[in-house]
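Values reported hereafter were calculated over all heavy atoms of this structure, with side chains retained and with hydrogens, waters and symmetry mates removed. Proteins come first, then strands; the chains are lettered A, B, ... in the order of their sequence lines, and each starts at number 1. It should be emphasised that the depicted structure is a prediction, and the values quoted were computed from it without experimental measurement.
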Amino acid sequence: MANLIKCPNCGENNLSDREFCQYCQNPLRPLAGEGNQPLTPGQSPTKKNTSELEPVLPQWLQDARSSARQSAGEETPKTPPSRSIPSADLLAGLRAQRQAEDEEEETPDWLANITGETPKPKKPQAEPTTARRVELGDTKDFAQSEPEPELPSWMTGSQPPAMEPDQKDELADWLREPDATNSLKQTQPFPVDNRPSSPPAAGDTPDWLRSMVADEGAGFNDTGSSAEETFSVSDTPDWLRGLDAGAPLTGSNPPAFSDTPDWLRTMAAENGEQNANPPADFAAPSDTPDWLRAMADESGGQNINPPADFAAPSDTPDWLQAMADESGGQNANPPADFATPSDTPDWMRGLGAENAAQDVSPLGDAARLPAFSESGLSGAEDAFSPVGDTPDWLKDLEPSQPSSDQDWLKSFQSAESEPSAAAEQPAPQPPASEEAELDIPSWLKAAAPQSSIFTEPPEPQEAATPSDSELPDWLNVFKPEDQAAPSTAEPVKVESPSFGEAAKPADSDSLFTEMPDWLSVANNTAATESVPAPITNTDSIAPGDLPSWVQAMRPVDAGVPQASTAVSADSAFESRGALAGLQGVLPAAPGKISTSKPKAYSIKLLASEEQQAHAALLEQILSAETSPVPIASFFEIKTSRGLRWTLAFLFLVILPVVLFMQTRIFPSPTGFPVEAVTASNVVMESISDDARVLVIFDYDPARAGEVEAIALPMFDRVMRLRYPRLTFISTNETGAILAERFIHSKPLAELGYQSGSQYLNLGYLPGGQMGIRAFAENPIQTAKYPFQNRGLSDLLVPPPPSQSFPPLEGVSLLSNFSTLILITDNADSARAWIEQTTSARGTVPFVVISSSQAAPMIQPYYASGQIKGLASGLYSGAFFEQNDEGRSISVRAYWDAYGVGMLLAVVLILGGGLINLFLGLRDRKAAREEK
Amino acid sequence: MRIITVIIAMLSGLVILAGYFLGGLFPVLAQIQVQLLNAAIALAGVAVLTGILNLISVHTDKVRRNQKGGVYSALLVISLIVTFLLGVALGPGHVVMQAVANSVIIPTEAALMGILTVSLLYAAIRLLRRRVDVMSILFLLTAVIVLFGSATLPYMDIPLFGDLSRWVTQVWALGGVRGILIGVALGTLTTGLRVLFGADRPYGGS
């Protein structure tokens, strides 16, 4: 696979040997050279001497120029064929021409040659810049101008209908003429061997010719009817249309003599003597510009007498006639019916003269000349009577020139064999072009023809022979009648194959046998490329040294790109601020940055000894402010291991002994708390027979002894008297098993309560307060399944719902229970149950059995009436035992040990406290004495 | 995502709060409240299981690394697994399970309470040596009075101590506890409002 190169603009891959992207037409490689650098503000273009590069012109062009000069006159100095040049320059000729024009301000060289005036020795004449740029462009340029099946619209000879004279201005026509000439010049090198042998169709005839024929009568259009159908007006560029429209303007409304430039008037005056004598029937002398008349007069001596039937068109410039007369001596007599076309530029006549001088075939001449110029030079004048395009000053001649298009073409054919008597000046540059370079801005000169060429779409490499309708009008004029001999290439192809040897016809001029190498290379390169290269604009020109005026025309980059390139050396990248993201926008000013090594300063403090002493003192003071000061304690309290062992001995020996002895030294209490009495009464009153009682076991196993000692006497009494159905639930993880322990302890075990029938253990209720609230809202749904004694074999069997058991029959709400009894040792648990069930339980009595520790926290709820009874501590248990008819003995069993322990604790606290208070006072006193 | 959690928390709190006050008028609110509470109960149960699994994981890792106290960790894990298997296999009401509770759980925790009694007594004895001030003296006198009021003297009953103890508990203690309960209620209300308003986001929001 061939090497590919990625386009920096569009990213598409292109062949490495390409210079321009075939997709976006941008250069694949950066253009190098000084001329490609944009001009910055304040920078002046580089002066370049490009006149020395004129010898770069193709050899055939140089030969043509030299031969034309030779034929024009002996006075004309020959241009040196070649000159050593330092480098190639595209605009060398232009510069030389400018210099020549500077020398001869009024009379260009070509005019001087035409009129026979002895020109001054000068440098080779330059060609229009635009055309030169195309001809001397890079070989890629020609390769990019690939042939296409259809010719460019502007070259197809599509001519708009003649415009009204009042819609035009003479200045526009004058300006358009050089454009047209330039465009034609661009096509000059190509149509050499592609000239059709058939006579041109009338439809392809340029308007300026057709307009003339239109006035000739029907006989002129007898063969052009079919060709006119292929005529396309829309394809004609405006500038070319304007050019064509200029002809009827001059024919119908001749330009005022005052519009003639002064330089032309001067030229005419100088050439007046050389002009040929006007024909006798020259009917419009007044329309002829003076400068032309002057030229005609100037060259009159050299002109030949026109034929008798030659009706000189009134708009034929005299200088043209002078050219014809000047070359008349060398040419054969023009045909009798020769009618000089009024629109034929004189420089084309010069080509005709050149043809006559060199005695070459008309085809070869036509190859270098535009078709219409050839038609005007080749002897079709006798059958050619320009009426439509003929200016008014030629109108007088028109009636005498009735002819048809066929006649005109026949005359053209005859003119091929007969050398034209027109001017011998090759005149590659028409006078209009010369004049345009003086008056028209350079940008305008370079605009129309060049852009029209480059903006053409790419044409295929190998194009078929165009049809008559595809050929431009001015090329169809030269088309031979014999269509059997097809041309090998299109006449107006801008491609290089036109210069190739393969495309060169057998009857080509010898000029083209000396094809320059650079053109041959271009031909070969273009032929080898299978993919048509895109047409590029002026940027497609290879980089090189541009003239100063071109450099001045280049856009001045004063924006960001210029700034980035101008300060490219400064790679500082702004990372913040308004200029974030820009590089080199704030270049460091040269000279501002010190490059010298910074001076080293000692960091050692230069202070005297006294100052250092003061500083040390200050530092000490400051450090003393922040240093912690230990708190003076009176004495250090040491752990009294003896006291610990004494206490352990007392409680671990005395209390078990008392408990084991079951002494009754301490009498049972006689005074009972009100809340405990109330609780007992509420329970007994609220619980009826076979009532549903909810018992909540929320205490830890550590306090099971105390709590159960309180609850057992009450439950024994109630269960024994009311035989209620109990439902157990707990918010403690061990509550379920403590409930089982409680119900199976004495004296309740004697009652024979069975799980599932007399009592139902719902187990653990998770969630804390949320669980309590949920249970209060819907007890059955929250505790759906009971905590039953189910074995491993029963795990796969779903347990029955809680509501199916007798303890929960008829219970759907919390208020369906007869009484709520909470057994707890935790004040928080008691508070949660009391608060969360207040709205759900309604008027159901709520009784709390708590430990002595939690009783003070629950006491407010009893005082506020939220609970109906509160029994706490062994003191309340002793009350319940007394009311239980002596069945419970748990409280009594513990009461002596409990009493002993309480007394022991009080004694120890009081005795030990006093001793420690004394010891403490002593230690403090000793500490004070020590201080 | 954070705003979604806030919305969920606020809506849940408002619905449950509305269920408290408007549950009778709008049974739907009560039903929604129950459903949300049941979901909370389930999550709490799962949390307990997660805690048990975490306990096993921590102590198992401690045994595997042979760290200090690994023996106790192994004993804890073994006891836990055995108790769990017995409870699943035999059921919580089985005699074996009752024996485990009566022989292990209750005596162990009761012993811890006895140690606490000795410790508190030791602290009370040494209090006046450490700090002799009015509050220390009042603390000890109050404790002595309550202890005397909780029990009887041998062969006699001193009603004075009983009445004095009752006065201390029913007046001073009750007044202080009411103040504490009122503070707890206000704190709970404030916390609930802050959660409802999204000021506090204990569910993960900052």
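- Only the side chain of B:Val48 comes within contact range of chain A, with at least one heavy atom under 4.5 Å from a heavy atom of that chain.
- Residue A:Ala878 does not touch chain B at all, counting heavy-atom pairs closer than 4.5 Å.
- If you measure heavy-atom distances from B:Ile41 to chain A, the contacts under 4.5 Å come from both the backbone and the side chain.
- In this structure, chain B has no heavy atom under 4.5 Å from any part of A:Gln769.
- Contact of A:Phe918 with chain B is not made at all, since no heavy-atom distance falls under 4.5 Å.
- Only the side chain of A:Leu903 has a heavy atom closer than 4.5 Å to any heavy atom of chain B.
- Proximity to chain B (any heavy atom under 4.5 Å) is restricted, for A:Ala704, to the side chain, taken from C-beta onward.
- The part of A:Arg831 that comes within reach of chain B is its side chain, from C-beta onward, which places non-hydrogen atoms under 4.5 angstrom from that chain.
- Residue A:Phe775 does not touch chain B at all, counting heavy-atom pairs closer than 4.5 Å.
- With a 4.5 Å cut-off on non-hydrogen atoms, B:Val184 touches chain A through its side chain but not through its backbone.
- Heavy atoms closer than 4.5 Å to chain B are found in the side chain of A:Glu675, but not in its backbone.
- There is no contact between B:Leu127 and chain A, counting heavy-atom distances below 4.5 Å.
- Looking at A:Ser864, only its backbone comes within 4.5 Å of chain B, counting heavy atoms on both sides.
- Between B:Tyr20 and A:Glu777, the side chains place no donor N or O within less than 3.5 Å of an acceptor N or O (distance only, hydrogens not considered).
- If you measure heavy-atom distances from B:Gln35 to chain A, you find no contacts under 4.5 Å at all.
- Residue A:Leu738 touches chain B through its side chain alone, counting heavy-atom pairs closer than 4.5 Å.
- Expressed to the nearest 0.5 Å, how far CG of B:Leu141 lies from CG of A:Leu910 amounts to 7.5 Å.
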